[in-house]
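Comments concern the structure below.
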Amino acid sequence: MTEHLHSQELQELIAGYVLGDLSSTEAENFRQLLAVYPEIADEVNRLQEVLAAIPYGLADSEPSPNLKLAILESALHPTYGPTVTKKYSSHLRIWGGIAALFTIALGIDNYTVRHKLATYQATILKQRDVIAMLQQPNTQLVSLKGMDGFSNASGNLLMTAGQTEAVLLLQNLPSLPQGKSYQLWSVLNEQKVALEKFNSNQQEKVFIKIPLSAAKNLNQLMITIEFSSSPSNPNAQMVMSSNL
Amino acid sequence: MNIKFALHKVSGQPSQSDAELFTALKAGQHSALEILYDRYATLVYRLALRILINSQEAEDLTQEIFLNLWRSDAYKPGRGSLSSYLITLTRSRAIDRLRSRTSNQKFLERWSLNMSSELPPLTPFESASLEQRSEYVRNALTELPDRQRRVLEMSYFDGLSQSEIATQLNTPLGTVKSWCRQGLLNLRKNLGSLME
């Protein structure tokens, strides 16, 4: 069949199927061949991917920046139907236009406004993710407590079975100066595995995702302070640990 | 790291495959929708704009496609790549709008012929950035004979049947069919191992 599969006649038949231009006789032949040689479906799939690649050749053009916000907002409000969504989109553009006029009139840096809006939007999205994780019955929480000079620090690592990422949420963890960062470690059989370097924000909070593949052998967690430019040192100053 | 960096890191992980993001999307993670938008909105918009020739309608359709992805379970990762699904759906819906009638089922049936329980590995093409993919395809299209490229584009972007193309070009239907099929097969050849 492999030889048959690459025959010009069959390739053209498959191309005709993918393009949707088979005559009724050709369509019947194709159906019979597909029933006998199901591997033809793989060839169909490959050619469909090639056909679907054609739009990549189109000239460069970008949608307006407002579109992303409109879509993400509509996704957050599932009661919006398509019609309402369209109205919302129009409203967003109108309000966006008014806001832009005010922005120009007042001489405010429009980029800053948009950046803040995008940041708030992203924060809402991350919070929704955490809520979605907490609603899963198989979500596991690993608590972390601060120690020594960091006793006010606390937080959790959230993991959900089947998910590719865990979420690290910490609070009251002072922001480190430039050149230093926190290092999250997984401890298994007294072996420490470096997971993620991070820093807290100005509100002393941490909200990051961690690839779960790196933490799948999780047994115990600890957090140390590192110099950002140096290799991670498991014996560096420990500031938080879990009690698993 | 400040919060801005942390958020950038969360939303910009290049290592997450489309299938992983789609799973996260179906688990209700809005950030997955944001990443998929960043990956594919430009492509969806360009295709919609090419077919509809109207930026407002193209944006409306782009919105419809991503909300469909968010709300519907129509896409099944085992049936093909997410980009292929989004493109097929966009083209179908755009041509429907162009013709003001519904005929997208035919396209989707063709798209979903092959259904596997396992995800195929990523091809080099799927692993490339939008800019790289665009360059690959532009080069591959440029290498096609003019008549093959022209009939492919008339069929793909304008939604014309091959009979309509034959009439417009004053060329026998059989010849148009052959150019179109050869064009697709040659495009595959020109893209070479990128799509395998």
Side-chain angles (χ1 to χ4, degrees), chain A residues 11-12 15-21 41-42 44-64 67-68 70-72 74-76 78 82 85-86 89 119 122-123 125-126 128-129 132 136 163-164 175 181 198-203 205-209 211, chain B residues 1-4 6-7 9-11 15-16 20 24 27-31 33-34 37 41-43 45-47 49-50 59-60 62-64 66-67 70-71 80-81 83-84 87-88 106 110-111 113-114 125 133-134 136-138 141 152 155-156 162 177 180-181 184-185 187-188 191 195-196:
Chain A
Q11 284 291 314
E12 290 200 14
Y17 174 81
V18 170
L19 290 163
D21 71 12
D42 292 334
V44 169
N45 231 18
R46 290 190 194 104
L47 266 189
Q48 279 170 336
E49 294 288 331
V50 171
L51 185 69
I54 290 177
Y56 284 101
L58 289 170
D60 293 347
S61 57
E62 302 286 338
S64 72
L67 183 62
K68 182 177 178 180
I71 290 173
L72 295 175
S74 296
L76 284 170
T85 301
K86 199 171 179 178
S89 176
T119 303
T123 305
L125 294 178
K126 304 305 170 293
R128 296 269 174 163
D129 285 355
Q136 301 281 329
Q163 295 296 311
T164 56
S175 181
S181 60
F198 59 92
N199 198 356
S200 52
N201 63 16
Q202 291 172 350
Q203 287 75 44
K205 290 181 178 174
V206 174
F207 192 165
I208 59 170
K209 288 189 177 180
Chain B
M1 178 202 307
N2 58 31
I3 190 69
K4 282 182 286 187
L7 291 172
K9 185 176 175 57
V10 168
S11 62
S15 58
Q16 282 185 287
E20 288 170 338
Q29 293 188 24
H30 296 76
S31 55
L33 180 63
E34 189 180 3
Y37 179 91
T42 299
L43 181 67
Y45 174 77
R46 282 179 192 172
L47 176 57
L49 183 63
R50 171 62 180 79
E59 288 202 354
D60 286 348
T62 304
Q63 180 161 349
E64 182 184 320
F66 280 92
L67 290 178
W70 171 250
R71 293 169 183 163
S81 71
S83 60
S84 171
I87 289 167
T88 305
K106 197 175 163 191
R110 282 208 298 277
W111 177 82
L113 175 67
N114 187 20
F125 188 78
R133 292 186 197 195
S134 294
Y136 296 147
V137 174
R138 282 170 192 158
L141 284 169
L152 260 188
S155 165
Y156 195 89
Q162 301 201 334
K177 267 191 181 187
C180 221
R181 293 178 185 182
L184 181 62
L185 293 170
L187 183 62
R188 177 184 179 179
L191 286 166
M195 305 286 288
E196 303 292 335

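All values derive from a computational prediction rather than experimental measurement. Values below: every heavy atom of this structure, side chains too, minus hydrogens, waters and symmetry copies.
- Interface remark: B/Leu141 contributes side-chain atoms only to the contact with chain A (heavy atom separation under 4.5 Å).
- Neither the backbone nor the side chain of B/Tyr136 comes within less than 4.5 Å of any heavy atom in chain A.
- Judged purely by atom type and a 3.5 angstrom limit, A/Ser200 has no side-chain atom pairing as donor or acceptor with the backbone of A/Lys205.
- Contacts of B/Arg50 with chain A are made by side-chain atoms alone, with heavy-atom separations under 4.5 Å and no backbone atom involved.
- Of the residues considered (B/Leu33, B/Ile87, B/Thr62, B/Leu49), B/Ile87 shows the highest number of contacts with chain A, using heavy-atom pairs under 4.5 Å.
- The minimum heavy-atom distance between A/Ile54 and B/Leu152, with the atom names listed, is CD1-CD1, 4.3 Å.
- In this structure, chain A has heavy atoms under 4.5 Å from both the backbone and the side chain of B/Leu187.
- When heavy atoms are compared at a cutoff of 4.5 Å, B/Gln162 approaches chain A solely by way of its side chain, counted from C-beta outward.
- Considering only heavy-atom pairs separated by less than 4.5 Å from chain B, the leading option among A/Ala59, A/Pro63, A/Ala53 is A/Pro63.
- Proximity to chain A (any heavy atom under 4.5 Å) is shown, for B/Leu184, by both the backbone and the side chain.
- Taking both residues in full, the closest heavy atoms of B/Leu185 and A/Gln11 are given as CD2-OE1, 3.5 Å, listed atom of the first, atom of the second, then distance.
- The main-chain N or O of B/Phe125 is found under 3.5 Å from a side-chain atom of B/Arg133 such that the two form a donor-acceptor pair.
- In plain terms, the two heavy atoms of A/Leu67 and B/Gln63 that are nearest each other are CD1-OE1, 4.0 Å.
- B/Ser81 and A/Glu49 share a side-chain donor-acceptor pair at under 3.5 Å.
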